[in-house]
Protein chains: 2
Amino acid sequence: MSDQKTNHDTRDRILDVAEQLFMAHGYEGTSLRVITNTAEVNLAAVNYHFGSKEALLREVFRRRLAWLNRERLRALDALESGAGGAPLKPSQILEAFFGTLLRIGEDEALGGMTFLRLLGRTLTDPAEFIRTFLAGEYAEVIERYKQALFSALPDVPKAEIVWRLHFMLGAMSYAIAGTDVLQVVTGCELSDLAGEETAGAIDDTALARRLSQRLMPFLLGGLRAPLPGCLDSVPHVPPSEGDAEPQTQRHLQEKQP
Amino acid sequence: MSDQKTNHDTRDRILDVAEQLFMAHGYEGTSLRVITNTAEVNLAAVNYHFGSKEALLREVFRRRLAWLNRERLRALDALESGAGGAPLKPSQILEAFFGTLLRIGEDEALGGMTFLRLLGRTLTDPAEFIRTFLAGEYAEVIERYKQALFSALPDVPKAEIVWRLHFMLGAMSYAIAGTDVLQVVTGCELSDLAGEETAGAIDDTALARRLSQRLMPFLLGGLRAPLPGCLDSVPHVPPSEGDAEPQTQRHLQEKQP
DNA sequence: CTAGTATTAAAACGAACGTTTGAACTATGG
DNA sequence: CCATAGTTCAAACGTTCGTTTTAATACTAG
């Protein structure tokens, strides 16, 4: 009546609506009835087209992660072939990994900020099958980038690199998912933090671009931070006293003794 | 029969079991029937003692966050009175904020790693009332620490500080919550990363101590990372070329031009 | 000991959930 | 034009959910 429906329109409409609602209310918090009502399709359509609610969630992710995984591998391949065997710079690796992800937020056709937020929130979803599924989808790409970081930082213990990769993933996920979560905690609106904004409401794609600018230096700084060192049980005492921030930033190249 | 029950034992047993199950399966994924069966109490006990499932979750958090909020404020007060008006070092502030949190993981009486993981996961829970509740519980402490960071880094734009506080909270939450989440993603077991472990299974309190050692340098490095600067749309090109990591780490003291 | 309050117990409530069914509708090809 | 496969539809299935009710039990004050 209002919109014309093609043959596969029902499938796509369900996927779009489910993506939005899973993002806003989570997997368990979103019922098939709300999804089908919002999409203006019949309740049975989900089970007909996808088989089950779980399979619907998997399909929501698959159609986006296909591009992300392909693009991330492509970016790393381009870097490595461009370097000709030489080790890459960590900043290049991070840019390929996180920059590719954040590009999704700038392009509505790739999922936009909606999918980006969904991805960030779902990584910590308590449901078992979700974590298992996402781990499987991520495994290959993560492994490639992990190895790239090992080669780029040969003097840093591999365990330390994995830890910091873990931390970086966390910072990124929260930064993405927490537009209304932790911004409430921090007591600021995103629009107040965007910088040179134009008018009241801020565009989602512009937000993604700003986010990328802010996040990347933070991640690089964390990745390059000095190693824990040998002081064990009293980690809060800095090695030297003096003015506000006296000790110069040592790099990761030094190995722990 | 097996264990004796005092008067308030039912309440506390429900809280302990709910804390564990909410951590493992989330709020919506944990039914009152599973909680009461596990706690070996009657189904109606939750509504009798707490009023509703929502109120139960709030109480689970309140009994732990009371200590955390008090201790975080106390630590900051001690720092500020000890400095006598002089600005604090960012490392001191981070140590007070994150170190206090991580101490929960080392002490089972404060909630241990169970509550720490619950806290990390719940911050991204999609349920509205949960985020609202946690934001209210956190507001005062976050505001105090935010102001402390503003004073400690007077030359850094406040928006940038809030962004990085946001990133740090994310890295910490994921690091805590993701013992089985992102460790699967990274393809490593925590025990492989702990370093000088003793035997097979690793103690939770020992894990919290290791986590603290790894996380704090990362957060400090991220907080002190150079500002985004003026280069806008091509943030992945470093200002100077050369060997693997040529540019020396500039500090936050420099203001963006 | 008794009265009265606090707690526990068993059972049921209505609502919402994911899923299935079987008939109605639509479109395409012989 | 009818047969047939693909799709939509209304209705119902059985289960599980949070909550409430009502009675039985444990505890305490007078």
Side-chain angles (χ1 to χ4, degrees), chain A residues 1-61 122 125-130 132-133, chain B residues 1-61 122 125-130 132-133:
Chain A
M1 191 66 78
S2 53
D3 309 55
Q4 80 286 357
K5 292 186 182 180
T6 77
N7 240 356
H8 281 175
D9 202 42
T10 298
R11 250 188 77 99
D12 292 335
R13 178 140 60 206
I14 290 175
L15 285 175
D16 289 339
V17 168
E19 185 176 64
Q20 154 72 31
L21 290 177
F22 283 152
M23 180 272 287
H25 309 112
Y27 176 74
E28 306 232 41
T30 305
S31 72
L32 292 185
R33 283 169 174 83
V34 173
I35 292 176
T36 53
N37 284 345
T38 307
E40 297 178 279
V41 301
N42 190 267
L43 168 61
V46 168
N47 284 277
Y48 174 78
H49 283 285
F50 302 97
S52 69
K53 190 186 178 185
E54 287 197 10
L56 168 61
L57 181 89
R58 277 193 288 265
E59 192 53 34
V60 165
F61 276 94
T122 311
D125 196 283
E128 173 99 8
F129 88 95
I130 296 182
T132 305
F133 165 71
Chain B
M1 191 61 80
S2 53
D3 308 55
Q4 78 287 357
K5 291 187 184 183
T6 77
N7 241 354
H8 282 175
D9 202 40
T10 298
R11 251 188 76 101
D12 292 335
R13 178 143 55 208
I14 290 175
L15 286 175
D16 290 339
V17 168
E19 186 176 60
Q20 154 72 30
L21 291 177
F22 283 152
M23 181 273 287
H25 308 111
Y27 175 75
E28 308 232 41
T30 305
S31 73
L32 291 185
R33 283 169 175 83
V34 174
I35 293 177
T36 52
N37 283 345
T38 308
E40 296 179 278
V41 300
N42 190 267
L43 168 60
V46 168
N47 283 278
Y48 174 78
H49 283 284
F50 302 97
S52 70
K53 190 186 177 186
E54 288 196 11
L56 168 62
L57 181 90
R58 278 192 289 265
E59 193 53 35
V60 165
F61 276 95
T122 311
D125 196 283
E128 173 99 8
F129 88 95
I130 296 182
T132 305
F133 165 71

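Any value given below was found using the heavy atoms of this structure, including those in side chains, with hydrogens, waters and symmetry copies removed. Labels below follow one simple rule: chain letters A, B, ... track the order of the sequence lines, proteins then strands, and each chain is numbered from 1. If you're wondering where the values come from, they're calculated on a predicted model, not measured in any experiment.
- The two residues A/N47 and A/S52 have their closest heavy-atom pair at OD1-CA, 3.8 Å.
- Between C/dT8 and B/T10, a contact under 4.0 Å exists linking OP1 or OP2 to a side-chain N or O.
- A donor-acceptor pair is defined here as one N or O able to donate and one able to accept, closer than 3.5 Å; such a pair exists between the side chain of A/S31 and the backbone of A/V34.
- Pairing analysis of DNA chain D (Watson-Crick: purine N1 to pyrimidine N3 plus N6-O4 or O6-N4; G-U wobble: N1-O2 and O6-N3; both under 3.5 Å) yields stems of 3 or more pairs at C:1-23 with D:8-30, C:25-27 with D:4-6.
- For the OP1/OP2 pair of D/dG18 and a distance below 4.0 Å, the side-chain nitrogens and oxygens of B/S52 include no atom meeting the criterion.
- Between B/S31 and D/dC17 there is a side-chain polar atom (N or O) within less than 4.0 angstrom of OP1 or OP2.
- Between A/N37 atom CG and D/dC9 atom P the separation is 12 Å, expressed in whole Å.
- Atom CZ of A/F50 is separated from atom P of D/dT7 by 12 Å (rounded to the nearest Å).
- The two residues B/H25 and A/P126 make their nearest non-hydrogen contact at C-CB, 3.3 Å.
- Remark: side-chain polar atoms of A/Y27 are paired, donor with acceptor, to backbone N or O of A/E54 under 3.5 angstrom.
- With hydrogens and angles disregarded, no donor-acceptor distance shorter than 3.5 Å links the side chain of B/T38 to the backbone of B/V17.
- Following rounding to the nearest Å, B/K53 (NZ) and D/dT16 (P) show an atom-to-atom distance of 15 Å.
- Between A/D9 atom CG and D/dT8 atom C1' there is a gap of 14 Å when expressed in whole angstrom units.
- Close to D/dA10, at under 4.0 Å from its OP1 or OP2, lies a side-chain N or O of A/N42.
- Within the nucleic acid shown, B/T36 has no heavy atom closer than 4.0 Å to any nucleic acid atom.
- Using a 4.0 Å heavy-atom criterion, one finds that A/A44 contacts the bases of the nucleic acid, with or without backbone contacts as well.
- When all heavy atoms of A/T30 and A/L21 are compared, the pair lying nearest together is OG1-O, 3.2 Å.
- Atom C1' of nucleotide D/dC9 and atom CD1 of A/I14 are separated by 13 Å, given to the nearest angstrom.
- Considering only side-chain N and O atoms, A/H49 lies under 4.0 angstrom from the phosphate OP1 or OP2 of D/dT8.
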